[in-house]
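Keep in mind the model is a prediction, meaning the values are calculated, not measured.
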Amino acid sequence: MDIPRIFNITESAHRIHNPFTPEKLATLGAALRLIPGTRVLDLGSGSGEMLCTWARDYGIIGTGIDKSRLFSEQAKLRAEELGVADRVTFIHGDAAGHVAKEKVGVAACLGATWIGGGVVGTIELLAKSLRSGGIILIGEPYWLQLPPTEDVAKACLAGSISDFLVLPELIGSFGDLEYDVVEMVLADQEGWDRYEAAKWLTMRRWLEANPNDDLVKDVRAKLTSEPKRYAAYTREYLGWGVFALMAR
């Protein structure tokens, strides 16, 4: 069980697999007013930076599930590095359908709502693990401005314009599901640049170290095209944020 290998390659040097910086993760933790002992479930936990730093800074107890074997191992190493391996657990597995054995105070899915078949399904899945009065965290893209054509949307790596909403509509959609939006932290341009541009050096180093690998042509093509594509499209049209929700 694993994610497509190209993602393990391009994001192998990432600690955070979305457009958040470490400062944004800290801001989010502080905004949630986390208290020691809060249980946090993270579906699609990547390399574990959120749970590990929140365990260190706020004393949470965390469980993360991720389909990438590489990222899961990196998460365990990060927990050891920060001295929180006794408070966070990382499971290599498919987070789709995962429900915590013990109810949690925060249930999160940041940038991986495909786990539940979309935002609505992911919220429904997270709610099954949440204690009464708990908080759901959803990390999701939104349009900074609507793309003028479907081709532009696809150049932003969306399937179509309808895949994402503009920010007011996204926030409103949570209300339509009978959830209050009680906090939000939005990625900024620096976060986007760190997330996307960091892949380019990783790809270049990988190409130098693996000249005979079967994926060389794919990685080379991506490295050649991605900087211009990102600057022209994603950087101009796409936002990303984490939204804290509480059931009404």
What closest approach, in Å, do [X] and [Y] show between heavy atoms, and which atom pair accounts for it?
| X | Y | value |
| --- | --- | --- |
| Trp54 | Leu25 | NE1-O, 3.0 Å |
| Ser12 | Thr202 | OG-CG2, 3.4 Å |
| Cys109 | Thr122 | CB-CG2, 3.7 Å |
| Leu110 | Trp240 | C-CZ2, 4.0 Å |
| Ala100 | Ser129 | N-OG, 2.8 Å |
| Leu130 | Ala107 | CD1-N, 3.8 Å |

As an exercise, state the distance from [atom1] of [X] to [atom2] of [Y], rounded to the nearest 0.5 Å.
| X | Y | atom1 | atom2 | result |
| --- | --- | --- | --- | --- |
| Thr21 | Tyr195 | OG1 | OH | 14.5 Å |
| Trp200 | Thr224 | CH2 | OG1 | 12.5 Å |
| Ser173 | Ile138 | OG | CD1 | 10.0 Å |
| Leu34 | Ile135 | CG | CD1 | 7.5 Å |

* To do: State yes or no: do Leu43 and Leu70 share one hydrophobic cluster built from I, L, V, M, F, W and Y residues joined by side-chain heavy-atom distances below 4.5 Å, directly or via other members?
  =>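 No.
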Tell me, do [X] and [Y] make a side-chain contact under 4.5 Å, heavy atoms counted?
| X | Y | answer |
| --- | --- | --- |
| Val104 | Val106 | no |
| Asn210 | Val219 | no |
| Arg87 | Leu51 | no |
| Pro148 | Tyr237 | yes |
| Pro211 | Val216 | no |

* **side chain to side chain contact (heavy atoms under 4.5 Å, CB included) evaluation trace for Glu169 with Trp143** => CA-CA 10 Å; Glu169 292 176 352; Trp143 294 122; over 6 Å; no
Can you tell me if [atom1] on [X] sees more than 12 non-hydrogen neighbours from other groups inside 6.0 Å?
| X | atom1 | value |
| --- | --- | --- |
| Phe7 | CZ | no |
| Lys222 | NZ | no |
| Arg131 | CZ | yes |
| Tyr230 | OH | yes |
| Lys154 | NZ | no |
| Arg248 | CZ | yes |

Salt-bridge criterion met for [X] and [Y] (N-O under 4.0 Å):
| X | Y | result |
| --- | --- | --- |
| Glu226 | Lys199 | no |
| Asp214 | Arg5 | no |
| Glu124 | Lys128 | no |
| Arg69 | Glu73 | no |

* Asked: Picking from Leu167, Leu238, Val166, Leu165, what satisfies side chain to side chain contact (heavy atoms under 4.5 Å, CB included) with Tyr142?
  ->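 When Leu167, Leu238, Val166, Leu165 are each tested with Tyr142, the side chain to side chain contact (heavy atoms under 4.5 Å, CB included) holds only for Leu167.
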* Asked: Can you name the one residue among Arg78, His14, His17 that meets side-chain hydrogen bond (donor to acceptor under 3.5 Å, both in side chains) with Ser47?
  ->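 Considering Arg78, His14, His17, a side-chain hydrogen bond (donor to acceptor under 3.5 Å, both in side chains) with Ser47 is found only for His17.
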* To do: Could you give me the CA-CA distance, side-chain angles and deciding distance for Arg15 and Glu81, then say whether salt bridge (charged side-chain N to carboxylate O under 4.0 Å, His left out) is met?
  => CA-CA 13 Å; Arg15 280 185 173 167; Glu81 178 185 359; 3.5 Å; yes
* Go through Ile171 and Met184 one step at a time and tell me if the side chain to side chain contact (heavy atoms under 4.5 Å, CB included) criterion holds. => CA-CA 10 Å; Ile171 291 173; Met184 72 176 186; 3.9 Å; yes
* Do Phe90 and Leu77 pass the side chain to side chain contact (heavy atoms under 4.5 Å, CB included) test, and can you show the C-alpha distance, the side-chain angles, and the key distance before you say yes or no? -> CA-CA 10 Å; Phe90 293 102; Leu77 292 173; over 6 Å; no
* To do: Show your working on salt bridge (charged side-chain N to carboxylate O under 4.0 Å, His left out) between Glu80 and Lys76 and close with a plain yes or no.
  => CA-CA 6 Å; Glu80 294 174 2; Lys76 294 174 184 177; over 6 Å; no
* **Side-chain H-bond candidate by donor/acceptor type, Thr113 with Glu140, under 3.5 Å** =>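 Side-chain D/A pair, Thr113 to Glu140: present.
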N/O donor-acceptor pair under 3.5 Å between [X] side chain and [Y] backbone:
| X | Y | result |
| --- | --- | --- |
| His92 | Lys67 | yes |
| Lys24 | Leu186 | yes |
| Asp213 | Leu215 | yes |

